[in-house]
Amino acid sequence: TGYKLKGYYDSAVGGNLVYDSSGLAVDGIYWKVNADNLVNDALVDEKYKYIGNQDLVVYAQWEAKDDTNYKVKHYKMSLDGKSYLNPEIENITGISGMEVTPKTKTYEGFTSPTKQTVNINGDGSTVVEYYYERNKYELMLVKGKGISSVIGTGQYYFEEEVKINAILLEGYTFSGWSNGDENVLI
């Protein structure tokens, strides 16, 4: 499945090509035939007679295909922090039996996983799964003058909706949130 026939040789490793991958005899190879000039029930020309005094053994030699499919799945953590969203899938081709280290992706607000190294299965069944953790951020709310308490301080996942509130002391009005810089309102 992940390998293609290279040809038939007179040795298990290396050797001389006897038949090509389509099964045709290579010029200069002579076969032992029976008294009726038959090889595999087919009449053969005199030039294909094997002139040795023993049977010829041929060996199939295979080579890895260079177009074997494999998949890389990229899963991003959902907002619940426990499950993962449907993956982004990459369909890639490579050489059967070869070791590969597929790249991870960079997603804003997520931590990329460690890269994995795998061998490409010749049957195309190789799947690499990368799980991207959603980053968590600390939100600190500091009550200012005229504020009795604030609500919403805590850790939140990237893209998580956050509700914050300030409880005012009597006689004060709320002018807005800032990041600590006098000129920036949030």
Side-chain angles (χ1 to χ4, degrees), residues 1-7 12-14 21-22 59-186:
T1 53
Y3 296 86
K4 59 186 174 186
L5 180 63
K6 185 175 171 185
V13 177
S21 61
S22 65
Y59 300 87
Q61 291 187 14
W62 301 85
E63 59 188 0
K65 284 185 173 181
D66 60 0
D67 61 352
T68 304
N69 294 319
Y70 67 99
K71 293 181 187 289
V72 179
K73 295 182 177 183
H74 302 273
Y75 293 90
K76 293 194 300 186
M77 180 186 280
S78 61
L79 280 172
D80 67 11
K82 298 174 185 168
S83 61
Y84 287 83
L85 304 171
N86 289 334
E88 177 181 340
I89 300 173
E90 291 181 278
N91 292 303
I92 305 173
T93 58
I95 300 171
S96 295
M98 179 166 244
E99 189 174 86
V100 293
T101 306
K103 293 179 182 178
T104 57
K105 293 188 171 274
T106 301
Y107 295 111
E108 180 184 359
F110 291 84
T111 300
S112 296
T114 303
K115 291 179 186 173
Q116 300 176 40
T117 299
V118 297
N119 286 319
I120 301 173
N121 296 330
D123 63 1
S125 66
T126 302
V127 177
V128 177
E129 295 180 318
Y130 285 133
Y131 291 88
Y132 297 78
E133 300 244 348
R134 189 175 289 268
N135 294 340
K136 253 188 171 179
Y137 299 97
E138 181 77 30
L139 175 63
M140 291 179 35
L141 301 173
V142 179
K143 62 182 184 173
K145 184 176 178 186
I147 298 176
S148 128
S149 65
V150 290
I151 300 169
T153 296
Q155 289 190 341
Y156 297 94
Y157 283 112
F158 174 73
E159 297 180 323
E160 184 175 356
E161 186 176 315
V162 178
K163 293 183 180 182
I164 57 177
N165 196 5
I167 308 300
L168 302 176
L169 294 171
E170 198 172 317
Y172 285 88
T173 56
F174 187 69
S175 60
W177 296 98
S178 84
N179 67 358
D181 184 337
E182 292 178 20
N183 300 321
V184 178
L185 288 179
I186 300 172

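Model, not experiment: these values are computed from the prediction.
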Point to revise | Exam field: side chain T126 to backbone N121, donor-acceptor pair closer than 3.5 Å | key: yes
Point to revise | Separation between NZ of K103 and CD of E90, rounded to the nearest 0.5 Å | key: 9.5 Å
**Study point:** E138 atom CD: more than 12 heavy-atom contacts under 6.0 Å
**Key:** yes
Check your understanding: Going through the distances and angles, do R134 and L85 end up as a side-chain contact (heavy atoms from CB on, under 4.5 Å)?
Key -> CA-CA 11 Å; R134 189 175 289 268; L85 304 171; 4.2 Å; yes
Exercise for review: Working to the nearest 0.5 Å, report the span between CD of E63 and CD1 of I95.
Suggested key: 10.5 Å
Study note, to complete from the structure: Heavy-atom closest pair (I120 atom, G94 atom, distance to 0.1 Å) is CD1-CA, 3.7 Å
Practice item. Check each of T68, D67, D66, D123 against S96 using the side-chain hydrogen bond (donor to acceptor under 3.5 Å, both in side chains) test, and report the only one that passes. Key: T68
Check your understanding: Measuring from N91:CG to Y70:OH, what's the distance to the nearest 0.5 Å?
Key -> 10.5 Å
Point to revise | Steps toward side-chain contact (heavy atoms from CB on, under 4.5 Å) verdict (I147, L168) | key: CA-CA 4 Å; I147 298 176; L168 302 176; 3.9 Å; yes
Review point. Under the 3.5 angstrom rule, does the side chain of Q116 hit a backbone N or O of E129 as a donor-acceptor pair?
Key: yes
Check your understanding: What pair of heavy atoms forms the shortest contact from T104 to P113, and how long is it?
Key -> CG2-O, 3.5 Å
Practice item. Using modelled atom types only, decide if a donor and an acceptor are shared between the side chain of S78 and the backbone of S83 within a distance under 3.5 Å. Key: yes
Check your understanding: Does E160 reach the main-chain N or O of L79 with its side chain, forming a donor-acceptor pair under 3.5 Å?
Key -> no
Check your understanding: Is the closest side-chain heavy-atom distance between Y84 and M77 below 4.5 Å?
Key -> yes
Check your understanding: Listed by chain and number, what are the ring-ring contact (aromatic ring centres under 6.0 Å, His included) partners of F174, not counting sequence neighbours?
Key -> W177
**Study point:** Qualifying residues under ring-ring contact (aromatic ring centres under 6.0 Å, His included), relative to Y137, sequence neighbours excluded
**Key:** none
Check your understanding: How many angstroms lie between NZ in K145 and NZ in K143, if you round to the nearest 0.5 Å?
Key -> 14.5 Å
Point to revise | Over 12 non-hydrogen atoms of neighbours within 6.0 angstrom of CD in E161 | key: no
Practice item. For V150 and V142, run side-chain contact (heavy atoms from CB on, under 4.5 Å): C-alpha distance rounded to whole Å, both residues' side-chain angles, the deciding distance at 0.1 Å, then the answer. Key: CA-CA 7 Å; V150 290; V142 179; over 6 Å; no
Point to revise | Of all pairs that satisfy ring pair (Phe, Tyr, Trp, His ring centres under 6.0 Å), the ones with a partner from residues 91-130, not counting sequence neighbours | key: H74-Y130, Y107-Y132
Review point. So how far is it from K73 NZ to I89 CD1, rounded to the nearest 0.5 Å?
Key: 5.0 Å
Point to revise | Pairwise side-chain contact, V128 with V100, heavy-atom cut-off 4.5 Å (strictly under) | key: no
Point to revise | Spacing of I167 atom CD1 and S149 atom OG [to the nearest 0.5 Å] | key: 5.0 Å
Revision key, fill the gap. On a heavy-atom basis, the closest approach of L169 and S148 is CD2-CB, 3.5 Å
**Study point:** Residues Y157, K136; criterion side-chain contact (heavy atoms from CB on, under 4.5 Å); working and verdict
**Key:** CA-CA 4 Å; Y157 283 112; K136 253 188 171 179; 3.6 Å; yes
Study note, to complete from the structure: Of all heavy-atom pairs linking L5 and A60, the shortest is CD1-CB, 4.0 Å
Practice item. Looking only at non-hydrogen atoms, find the nearest pair between S112 and K105 and report the distance. Key: OG-O, 2.7 Å
